[in-house]
Amino acid sequence: MKSEPEDFSIEDLRTRKNQTEPWTGVRNYQARNYMRDGMKPGDLIFFYHSNITPPGIAGLAEVASEPFPDPTAFDPSSKYYDPKSGTHGTTWMCVDVKYVETFPRLLPLDEIRRIPGASAMALLRPGSRLSVQPVTAREFEHIMAWIRKYPEAPPSAKGPAPRPQALPARSFKAGPPKTKPLPTTRGKSQ
DNA sequence: GCCAACGTTGGC
DNA sequence: GCCAACGTTGGC
């Protein structure tokens, strides 16, 4: 999961009450689908810092709730307010995210490109902008083994980091919702 | 700050 | 349903 540390960093998460924060504000269908359909409590998350120099993985968090309707979608004062949300519900979902650990150093994107076993990560694809992305168990293990092995500095890199090509076609597209807005527990009890 | 790569919007 | 215009993301 990506966040601009200026907005919300892993240190912000660590110092939150219960070290937990609802991951609100996701307004992309594919990213929402990963949260809604692809996560369960206890799943580990790479906490990625974007839009800084250098960008990279800052540490680990974990999924700490089932998916639930994103409260900011109902809040007119929120920058994530979605006027299409209402008593019928909202299409936008979030999960609670809980702090696990901060890596001994930020693992930079450029270094991730060089990690054997990580080269197919969704994160490394050109134009990959999704704020919530899948990580395979294998990719996860390779990244973890790497940061454990090189907690202070990477081995000296030789040559430019490999740049994977964009996929010829997307594996699927999320598109606008074919489903109705999801029911919520707002208002009356269900 | 630039710009490529997307996703969304809305006219038709 | 097409597609141009527009807005956003995020590395560089």
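Naming convention: chains lettered A, B, ... in sequence-line order (proteins, then strands); numbering from 1 in each chain.
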Requested in this report: Considering just the side-chain nitrogens and oxygens of K2(A), establish if one lies under 4.0 Å of OP1 or OP2 belonging to dG10(C).
Outcome: yes
Query raised in the report: Can you check whether Y48(A) has a side-chain N or O nearer than 4.0 Å to OP1 or OP2 of dT9(C)?
Result: no
Query raised in the report: Taking for each residue the nucleotide of DNA chain B bearing the nearest heavy atom, is the 5' side occupied by N51(A) or by S128(A)?
Result: N51(A)
Query raised in the report: Counting only N and O atoms by type, is there a donor-acceptor contact under 3.5 Å from the side chain of T24(A) to the main-chain atoms of T72(A)?
Result: no
Query - Donor-acceptor pair, side chain of R105(A) and main chain of Y150(A), under 3.5 angstrom - result: yes
Provide, to the nearest angstrom, the distance between the [atom1] atom belonging to [X] and the [atom2] atom belonging to [N].
X       : N       : atom1 : atom2 : value
E6(A)   : dG11(C) : CD    : P     : 14 Å
E111(A) : dC12(C) : CD    : C1'   : 18 Å
Q133(A) : dC6(B)  : CD    : P     : 12 Å
N28(A)  : dT9(C)  : CG    : P     : 10 Å
Y29(A)  : dT8(C)  : OH    : P     : 16 Å
N33(A)  : dG7(B)  : CG    : P     : 13 Å
K79(A)  : dG7(C)  : NZ    : P     : 17 Å
L123(A) : dG10(C) : CG    : P     : 10 Å

Candidates [options] - which lies nearest the side chain of [X]:
X       : options                  : answer
R113(A) : dG7(B), dG11(C), dT9(B)  : dG11(C)
S50(A)  : dG10(C), dC12(C), dT9(B) : dG10(C)
R129(A) : dT9(B), dC6(B), dG11(C)  : dC6(B)

Query raised in the report: How would you list, by chain and number, every residue that makes a ring pair (Phe, Tyr, Trp, His ring centres under 6.0 Å) with F140(A), sequence neighbours excluded?
Result: F46(A)
Query raised in the report: Side chains of E11(A) and T102(A): is there a donor and an acceptor less than 3.5 Å apart?
Result: no
Report task. Apply ring-ring contact (aromatic ring centres under 6.0 Å, His included) to Y34(A) and W23(A), showing your working. Result -> CA-CA 12 Å; Y34(A) 284 130; W23(A) 205 262; over 10 Å; no
